[in-house]
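Chain letters run A, B, ... following the sequence lines, proteins first and then strands; every chain starts at 1. All values below were derived from every heavy atom in this structure, side-chain atoms included, with hydrogens, water molecules and symmetry-related copies excluded.
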Protein chains: 2
Amino acid sequence: MRADARANRDRLLVVAGDVITEQGADASMRDIARRAGVGLATLLRHFPTREALLEALLRTSFDELTARAAEVETASSPEDALKLWLRDFVARTTDYRGVVTSMMRAIEDPESALHNSCVTMRAAGTRLLNRAQAADVARADLDGADLFALASSLAWLGDQPGLEPRAEHLFEVVMSAILTNRAS
Amino acid sequence: MRADARANRDRLLVVAGDVITEQGADASMRDIARRAGVGLATLLRHFPTREALLEALLRTSFDELTARAAEVETASSPEDALKLWLRDFVARTTDYRGVVTSMMRAIEDPESALHNSCVTMRAAGTRLLNRAQAADVARADLDGADLFALASSLAWLGDQPGLEPRAEHLFEVVMSAILTNRAS
DNA sequence: ACCTGAACACCGTTCAAGT
DNA sequence: ACCTGAACACCGTTCAAGT
């Protein structure tokens, strides 16, 4: 890639992060290009679809989540590991409003640019779930896709304007459905 | 209202119901007008915003849900009543894809045309929750807004394309978090 | 009263023309 | 190679003109 193209790409990613943080995942592509001081066609050349742009923005975050799953797996009890990781999942997914819907779409669509990052991250979560199930602290009738769906629904709740104050409480309610809480 | 205007309005509602069933809550207003054989300005004249159109479509359904709450309250045990009603809530809200997000927005915004129907319906659900709590079969640390949020998140899950097969299972998982299940 | 076409400012897509 | 302006087909909003 030519140096000026690389510079444009980097700049676009930074600006896109800002704009999407402000306006959500359905922000205007034209607006992003405008604020990057670049033609719309240039943005579309680097990221041919909105999905591709989101993919570039989220790949790092999702890869970090995958790595984080490995960390908590060795550092924490099965129950705490699952809790910590899900909290992280929700926090990161709520960073950009509306992005959880794109993620749901992407994990169902193998053609999506986001597909692989999503699948890998879900697999990491599944390992934490299975570990908790083996330790008898999580419901046995859940699989990785169920966990992913429940976590996503919590992220969706976090995206809803009036719900921030209850987000933590709702997290714990759903969490209590995932865990079996046999002790205590 | 003049007879021709009334006819247009009725016709628009029917067509809007069809189109939104097919395409979801963000269907093109122009398309709805087109399929109703009417100018776009005529649609906007009867329903000045998309919210207003959704309001007209959903008011009946929400009012029925409010009435249904009163029915199950007298006909069923506190636990069954809550279960039955929440299932109904999710089923109706999933009828038009994407509508649950509009509903969430509407209940936070007193200016919204949907606001009153939503608030009334939520209050009906709150009564069922309180009754279940009094009978000690539902978690005491939930209020009506929590219940509404959890039910909405289930409706959101039901809207996601790949999740229909797990919808019922996820409903039961979240339901188990709401109920205390002290017996059995 | 009610309806409508047209003008408007937006959107994302595409591509010929420029450097 | 890479960028860009312009044309395109869409969107919802608004309003003067028609019946």
Side-chain angles (χ1 to χ4, degrees), chain A residues 1-57 96-99 101-102 105-106 109 111-114, chain B residues 1-57 96-99 101-102 105-106 109 111-114:
Chain A
M1 186 162 357
R2 230 165 60 179
D4 57 340
R6 158 67 55 191
N8 272 338
R9 208 193 113 99
D10 293 347
R11 177 169 182 63
L12 280 166
L13 268 181
V14 172
V15 173
D18 292 349
V19 175
I20 290 179
T21 299
E22 287 170 25
Q23 309 184 9
D26 54 353
S28 156
M29 298 288 272
R30 230 182 195 95
D31 202 34
I32 294 171
R34 210 151 28 208
R35 279 169 58 167
V38 125
L40 170 60
T42 302
L43 168 57
L44 275 296
R45 158 171 253 278
H46 286 287
F47 308 104
T49 65
R50 163 176 266 107
E51 280 268 300
L53 179 59
L54 289 176
E55 194 273 341
L57 275 177
Y96 300 125
R97 184 165 35 86
V99 103
T101 306
S102 305
R105 215 184 351 251
D109 173 19
E111 301 304 312
S112 161
L114 261 174
Chain B
M1 185 162 356
R2 232 165 58 180
D4 55 344
R6 158 68 56 193
N8 273 339
R9 208 192 113 99
D10 293 348
R11 176 168 183 62
L12 279 166
L13 268 182
V14 173
V15 172
D18 292 348
V19 175
I20 289 178
T21 300
E22 288 171 23
Q23 307 184 11
D26 54 352
S28 156
M29 299 287 272
R30 229 180 196 99
D31 201 36
I32 294 171
R34 210 150 29 204
R35 279 170 59 166
V38 124
L40 169 60
T42 302
L43 168 57
L44 276 295
R45 159 169 251 277
H46 286 286
F47 309 102
T49 63
R50 163 175 267 107
E51 281 269 299
L53 178 58
L54 288 176
E55 196 275 341
L57 276 177
Y96 299 126
R97 184 165 36 85
V99 105
T101 305
S102 305
R105 215 182 353 249
D109 173 20
E111 302 304 312
S112 162
L114 261 174

### Summary
Heavy-atom contacts, protein to nucleotides 5-19 of chain D, under 4.0 Å, summarised as B (base), S (sugar-phosphate only) or - (none) per nt, yield B-----BBBBB----
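- Annotation: the span from Asp18(A) atom CG to Arg35(A) atom CZ amounts to 6.5 Å, rounded to 0.5 Å.
- Between Asp31(B) atom CG and Leu43(B) atom CG the span is 11.0 Å, to the nearest 0.5 Å.
- For dC2(C), the OP1/OP2 oxygens have no side-chain nitrogen or oxygen of His46(B) closer than 4.0 Å.
- Checking dC3(C) for Watson-Crick or G-U wobble geometry (two distances, each under 3.5 Å) identifies no partner in any strand.
- Atom CD of residue Gln23(A) and atom OG of residue Ser28(A) lie 7.5 Å apart, to the nearest 0.5 angstrom.
- Phosphate contact (OP1/OP2 of dC2(D), side-chain N/O of Asn8(A), threshold under 4.0 Å): absent.
- Rounded to a whole Å, the CG atom of Asp4(A) is 8 Å from the C1' atom of dA1(D).
- Rounded to the nearest 0.5 Å, atoms CZ (Phe47(B)) and CG (Leu13(B)) are 4.0 Å apart.
- Taking a pair to require two hydrogen-bonding distances under 3.5 Å in either a Watson-Crick or a G-U wobble arrangement, dA17(D) remains unpaired.
- With values rounded to the nearest 0.5 angstrom, Glu51(A) atom CD is found 6.0 Å from Arg105(A) atom CZ.
- When Watson-Crick and G-U wobble pairs are counted only if both distances are under 3.5 Å, dC8(C) pairs with dG12(D).
- In this structure, the side chains of Val15(B) and Val19(B) come closer than 4.5 Å at one or more pairs of heavy atoms.
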